[in-house]
Amino acid sequence: MSLDSAPAIVAVTLVTLATLTIGTWGLRFSRTTSDFYVASRSVRPGLNASAIGGEYLSAASFLGIAGLVFVSGAEMLWYPIGWTAGYLVLLTLVAAPLRRSGAYTLPDFAEERLASRGVRRLCSLLVVSIGWLYLLPQLQGAGITLELVAGAPRWVGPVLVGTVVLVSVFSGGMRSITFVQAFQYWLKLTALLVPVGVLVAVWAGDGAPRPADLGLAWSLPMGTEGSTGLYATYSLIAATFLGTMGLPHVGVRFYTNPDGRAARRTTLVVLALLGAFYLLPPVLGLLGRVYAATPASADTLILELPRLMLPGWAGDALTGLVCAGAFAAFLSTSSGLAIAVSGVLSQDVVVPMLRRRGSPFGGVAAFRIASLVAVLVPVAGALLTPSVGVARGVALAFALAAATFCPLLILGIWWRRLTAYGAGAGLVTGLVTTGTAVVVTIGGWRTGSWVDVALTQPALWAVPLSFTVMIVVSLATASHVPAHTTRLLVRLHTPEPKIEPAATPALQR
Amino acid sequence: MTEPQRVRVTGPPRRRPAVRRVDIDEDTHLGEIYLGSLMRAQLSIAVRTLALLVVGVGSLPLLFWLLPGLARTAPFGVPLPWLLLGVLVYPFLFLLGRFYLRGAERNEDSYADLLKSDDEAP
């Protein structure tokens, strides 16, 4: 460990302490099972939007985008655009009805809508798969960051993030995590805004040099390889625009709104918060080009840039700040995912198991046992599998969500003729197609033909396929449309009376 | 000296009366019609918003693919792709969101009014 690593170690320690302190402070408000799962559905739009922003801006947003723009140029701007536009699609098609469904989680929604235990179990499996797939790059990013800035071995990052997440989830559940994540949005914004401001001033002071000739390819907003690049761009657009609604940590956040209108207003504030944040990373990518940075990997560009442009204590201080933001990104997204995965694991695995054994433990204890599993498995995975790059790894999770939960949510909310058979067939199709793509991409198998592109960016063909299967099978099993469909759709689409009737928790089933 | 008698001053009720869901909760024919009209209105505002998204943002890769020369233009000294994709797209997404929010809340208000007038009818 050298003197160089001092600012980073200070920053990481401070973020960790702040997270644990706020999490423990929030514990005083967490008393019931409902607090643990959905913060008792009472979070105001402003606070909730900050929390959503804090949770959603992951390592991929904080570290990944600047690095990708630095390496590949304008086509990579589609990542942040897709991550923001995904919220617009969520707002228009899903936000208010999903909140009004009154369910705790996506599996709850599926069971309520389709009256099928089978579809419910399938959805639980998907929530856990998507959550773990999304957690993997976060934890690996933490490993890379701590290795670079503090000279720590690769395993320290995943283990540290896993431990902090576990402690805060364990102690406070959803209620306390809401405060933690709202704090982390503003920390992340500051941790990019200040370096961008200072470094742009440095750049202007140097006489605003233009980057060395970048070539046209770097400025083209779709790939360079002709129609393959165009396909990859549109596939990324499909995955991100449609996948956001199916991410487990995004869905669970909507249940913490007081009602459907609040869910919509929260989403609009989120659009503003995300837009403000995503203006910043590409600037750092461009500055990297101007100053001809040679980062260890694309994901570490913004950690190395301040010292490259600004020697001395100022560069150290900025590095520390960026490091704090990056760590906040690992912690917040990982906590959100851990909560979502734990919620599903505890409802569908731990509680039934405890009940079968006649255990006296209740909901909160089950939630804690589940969170242990939810965190340990991806930490082990992060230590054992090779990294595919933070942003690309996350893109795979988006593709999986887009090919499974997107059709389920859209057809479930807007189409009366959806049946459990149709939904199940469509979910399995999406899981098999994008699951294969994920395994092939992470495994690193290549054929050297167009198949590679189709498999690393599967959304453009996999999502329409899932929709088609879901619709065709539903029409073929039309006699199985659940009897309560109209009544349920009335509830999803009508504004709620101003005074909410007591929530009906799914746990009572 | 006689004190004026105290009176309680009240305004018109602030809270909109609760939407009556009892009838439509039953699978009545009327419920189907009400639900159908609300769902159509909500779907229509959603689809209009998403159509603007596809035209305004989704068309960009195709546009630059068909007209690669566009990428060389640089209004205000910023290359056009960077200006569009790095900056202008975010206010555009927010405005689309606001456009949708207003439309959807208007639909819900007129739906609530419809049920209310239905309640008041004898």
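Hydrogens, waters and symmetry mates play no part in the numbers below; they use all other heavy atoms, side chains included.
- When the side chain to side chain contact (heavy atoms under 4.5 Å, CB included) test is applied to Ala46(B), the partners found at least two apart in sequence or on another chain are Thr92(A), Leu93(A), Tyr100(B).
- A distance of 9.5 Å separates CG in Leu91(A) from CG in Leu50(B), rounded to the nearest 0.5 Å.
- Between Tyr234(A) and Pro61(B), the closest heavy-atom pair is OH-CD, 3.7 Å.
- Contacts of Leu93(B) with chain A are made by both backbone and side-chain atoms, with heavy-atom separations under 4.5 Å.
- For the pair Tyr90(B) and Pro80(A), the tightest heavy-atom approach, listed with the atom from each and the gap, is OH-CB, 3.2 Å.
- For Leu38(B), the part lying under 4.5 angstrom from a heavy atom of chain A is the side chain only.
- Arg265(A) touches chain B through backbone and side chain together, each having a heavy atom under 4.5 Å away.
- Of the two parts of Val57(B), the backbone and the side chain both hold a non-hydrogen atom closer than 4.5 Å to a non-hydrogen atom of chain A.
- Pairing each heavy atom of Ile413(A) with each of Met39(B), the nearest pair is O-CE, 3.8 Å.
- Contacts with chain B were tallied for Pro97(A), Pro282(A), Ala272(A); Ala272(A) has the most, counting heavy-atom pairs under 4.5 Å.
- When all heavy atoms are compared, the tightest approach of Leu268(A) to Phe94(B) is O-CE1, 3.6 Å.
- Partners of Tyr79(A) according to the ring-ring contact (aromatic ring centres under 6.0 Å, His included) rule, which considers only residues two or more places apart in sequence or in another chain, are Trp83(A).
- In this structure, Ile81(A) CD1 and Leu85(B) CG are separated by 4.5 Å, a value rounded to the nearest 0.5 Å.
- Heavy atoms closer than 4.5 Å to chain A are found in both the backbone and the side chain of Leu43(B).
- Chosen from Gln42(B), Arg98(B), Glu105(B), the residue pairing most often with chain A at heavy-atom distances under 4.5 Å is Glu105(B).
- Atom OG1 of Thr84(A) is separated from atom CZ of Phe92(B) by 13.5 Å, given to the nearest 0.5 angstrom.
- Taking the side chain as every heavy atom from C-beta outward, Leu77(A) and Trp82(B) approach each other to under 4.5 Å.
- Within the model, atoms CD of Glu108(B) and NE2 of His493(A) stand 10.5 Å from one another, a figure rounded to the nearest 0.5 Å.
- Your options are Leu279(A), Leu271(A), Thr267(A), Val283(A), and the one with the most heavy-atom pairs under 4.5 Å with chain B is Leu279(A).
- Residues Trp78(A) and Leu60(B) are in side-chain contact: their nearest non-hydrogen atoms beyond the backbone lie under 4.5 Å apart.
- Annotation for Tyr111(B) and Pro495(A): closest pair CD2-CD, 3.9 Å, computed over non-hydrogen atoms.
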